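See structure below.
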Number of protein chains: 2
Amino acid sequence: MPVTVLLVDDEPLVRMGLRAVLEAQPDIEVVGEAADGAAVVPLVRQLRPEVVAMDVRMPLLDGIEATRAVLRTVDEPPKILVVTTFEDDEYVYEALRAGADGFLLKRARPAEIVHAVRLVAEGESLLFPASVRRLAGRYGAGDRPARTALERARLTEREAEVLRLMSSGLSNAEIADRLVVGAETVKSHVSAVLAKLGARDRTQAVIAAYESGFVEPG
Amino acid sequence: MPVTVLLVDDEPLVRMGLRAVLEAQPDIEVVGEAADGAAVVPLVRQLRPEVVAMDVRMPLLDGIEATRAVLRTVDEPPKILVVTTFEDDEYVYEALRAGADGFLLKRARPAEIVHAVRLVAEGESLLFPASVRRLAGRYGAGDRPARTALERARLTEREAEVLRLMSSGLSNAEIADRLVVGAETVKSHVSAVLAKLGARDRTQAVIAAYESGFVEPG
DNA sequence: GAGCGTCTCCCCCGGCCGGGGGAGGCCCGT
DNA sequence: ACGGGCCTCCCCCGGCCGGGGGAGACGCTC
């Protein structure tokens with residue numbers, strides 16, 4: 001059965017765009033739309049979507065408040081994907097802290113959007129949108145949303161170990177030596193880590209590791 | 001004229017190894033050796049080497065104290081390259097704080113050793129030996145040696161900008177778009193950054209950026 | 001015993017990356 | 001006016017990386 005998605009955005013154009021992109025996929029079904037945050041909770045109760053693509057800036061109730069409302073009032077809440085532009089980065093981190101599961105850049109290409117939806121639907125986090133770095137310096141100490149997001153990624157012990165070694169700058173071959181396993185094995189673990197973190201390459205994974213507090217600089 | 005190097009290590013075997021490796025290079029000349037830290041300052045005054053390859057654990061005066069002594073008492077002091085094994089990482093960061101210019105792992109391959117010597121001789125730092133990560137958590141707040149080391153790397157404005165973008169997870173193509181320049185241009189900047197940081201690839205450069213405080217996690 | 005997750009290894013393949021070397025234009029300081 | 005640093009772009013090339021897909025072995029749980 002397909003992944004069910006609820007679109008929440010005050011701009012019809014954006015909703016139509018997302019719908020067009022997502023409906024083109026056989027395994028994704030858009031089950032509803034909302035134009036403001038206030039309508040989200042009742043719609044979620046009614047439609048029980050697996051994923052909510054949630055805009056940040058909306059009338060009545062913004063994406064952050066709507067995210068909080070959904071997670072606070074709905075049993076088995078859907079995954080929340082925060083839809084954003086570069087411009088409202090400052091709001092995004094609040095949404096993540098409110099419990100959202102990932103980012104989605106409006107300017108992302110269709111394939112990336114589809115990928116993001118599938119990822120969160122599978123319970124994986126989407127730690128790494130290209131703009132994550134721009135959030136730096138805006139978190140208060142102690143409440144880093146990304147940390148929970150990475151924890152949500154549920155890395156296995158081996159994968160965590162590989163991520164640590166990646167974060168110390170080692171190549172796959174070097175990691176293989178260190179762990180005394182084959183290079184192909186390391187590749188498997190690395191691929192798993194990238195998928196779970198929503199990272200495109202090892203560099204993004206390492207950044208996510210730093211941003212989330214998984215590793216810490218001096 | 002060749003780069004002049006002073007070897008300081010209490011083990012003759014290590015000195016011989018280093019000498020063999022370095023002397024094989026036409027552009028590098030080993031001008032002297034010392035077996036303990038106490039002999040370093042007078043030898044530096046006498047020989048005026050451009051680079052000192054300094055062991056950490058030595059009799060009489062260890063590498064950290066010797067480094068301090070040289071930098072404090074010699075005009076136009078040489079570049080200090082700390083020679084270390086994995087095992088004495090805990091001492092290395094002190095050496096860096098004392099003003100050393102880079103690391104050198106004893107188990108590094110000859111080509112890497114030669115490379116390290118050339119780099120520091122050219123006034124560039126060697127931020128990224130494979131073990132840098134192991135230093136994490138040992139720095140006191142406020143006195144991060146790596147920060148000074150990265151500052152010593154003297155990145156140009158453009159290179160710093162590229163490093164920042166690399167540290168936000170962008171690919172070369174994406175950086176090119178963002179800066180509105182050609183992909184080849186970005187490659188040039190990236191290569192320059194890697195060289196100046198002593199990083200092997202962009203991941204190591206990003207790690208160095210985090211470790212040095214050049215970028216900061218949430 | 002039949003799953004399921006984890007860890008291990010394999011193949012093929014396209015692509016981005018990074019090294020090496022070169023080159024032209026610009027500004028700035030000598 | 002010449003040199004040097006910086007930014008820009010170019011070519012060739014080998015290699016690591018990451019995706020896709022598959023598979024066997026182990027241990028756990030149901």
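A note on names: the letters A, B, ... follow the listed sequences, proteins ahead of strands, and every chain is numbered from 1. No hydrogens, no waters, no symmetry mates; every other heavy atom, side chains included, goes into these values. Predicted, not measured: the structure shown is a model, and the values here were computed from it.
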Donor-acceptor side-chain pairing of A:E29 and A:T4 below 3.5 angstrom: no
Given A:I175, A:L179, A:T156, A:L155, the one that forms side-chain contact (heavy atoms from CB on, under 4.5 Å) with A:E161: A:L179
Side chain of A:H189 - closest among C:dT8, D:dC9, C:dC9: C:dT8
For atom CD of A:E157 and atom P of C:dT8, their distance in whole Å: 11 Å
Atom pair distance, as rounded to whole Å: CD in B:E159 and C1' in D:dC7: 10 Å
Of the listed nucleotides D:dC10, D:dG18, C:dC17, the one nearest the side chain of A:V190: D:dG18
Distance, rounded to the nearest Å, where B:R158 contributes CZ and D:dC9 contributes C1': 13 Å
Donor-acceptor pair (no angle test) under 3.5 Å: B:K187 side chain, C:dG20 base: no
B:R202 side chain, from C-beta outward: closest of C:dG18, D:dC17, D:dG18: C:dG18
B:T185 side chain near D:dC9 phosphate (N/O to OP1/OP2, under 4.0 Å): yes
Under-4.0 Å side-chain N/O to phosphate OP1/OP2 contact, B:S188 with D:dC7: no
Proximal nucleotide (of C:dG19, D:dT8, D:dG18) relative to the B:V181 side chain: D:dT8
Between D:dC17 (C1') and A:L170 (CG): distance, integer Å: 15 Å
Rounded distance (Å) that lies between atom C1' of C:dC16 and atom CG of A:L194: 14 Å
Donor-acceptor under 3.5 Å (B:R200 side chain, A:G169 main chain): yes
Which nucleotide in C:dC7, D:dC9, C:dC10 has an atom nearest any side-chain atom of B:E184: D:dC9
Interatomic spacing from CG in A:L18 to CD in A:E23 - rounded to 0.5 Å: 11.0 Å
Spacing of A:I175 atom CD1 relative to C:dT8 atom P, expressed in whole Å: 13 Å
Close side-chain approach of A:D27 to A:R118, heavy-atom, < 4.5 Å: yes
Under 4.0 angstrom between A:R200 side-chain N/O and D:dG18 OP1 or OP2: no
Below 4.0 Å: OP1/OP2 of D:dC17 and any side-chain N or O of A:N172: yes
Sugar-phosphate, base or nothing in reach of B:S191, heavy atoms under 4.0 Å: sugar-phosphate
From D:dC6, C:dC10, C:dC7, nucleotide with atom closest to A:T156 side chain: C:dC7
Rounded interatomic separation in angstrom, taking CD from B:E161 and P from D:dC6: 15 Å
Rounded interatomic separation in angstrom, taking CD from B:Q204 and P from C:dC17: 16 Å
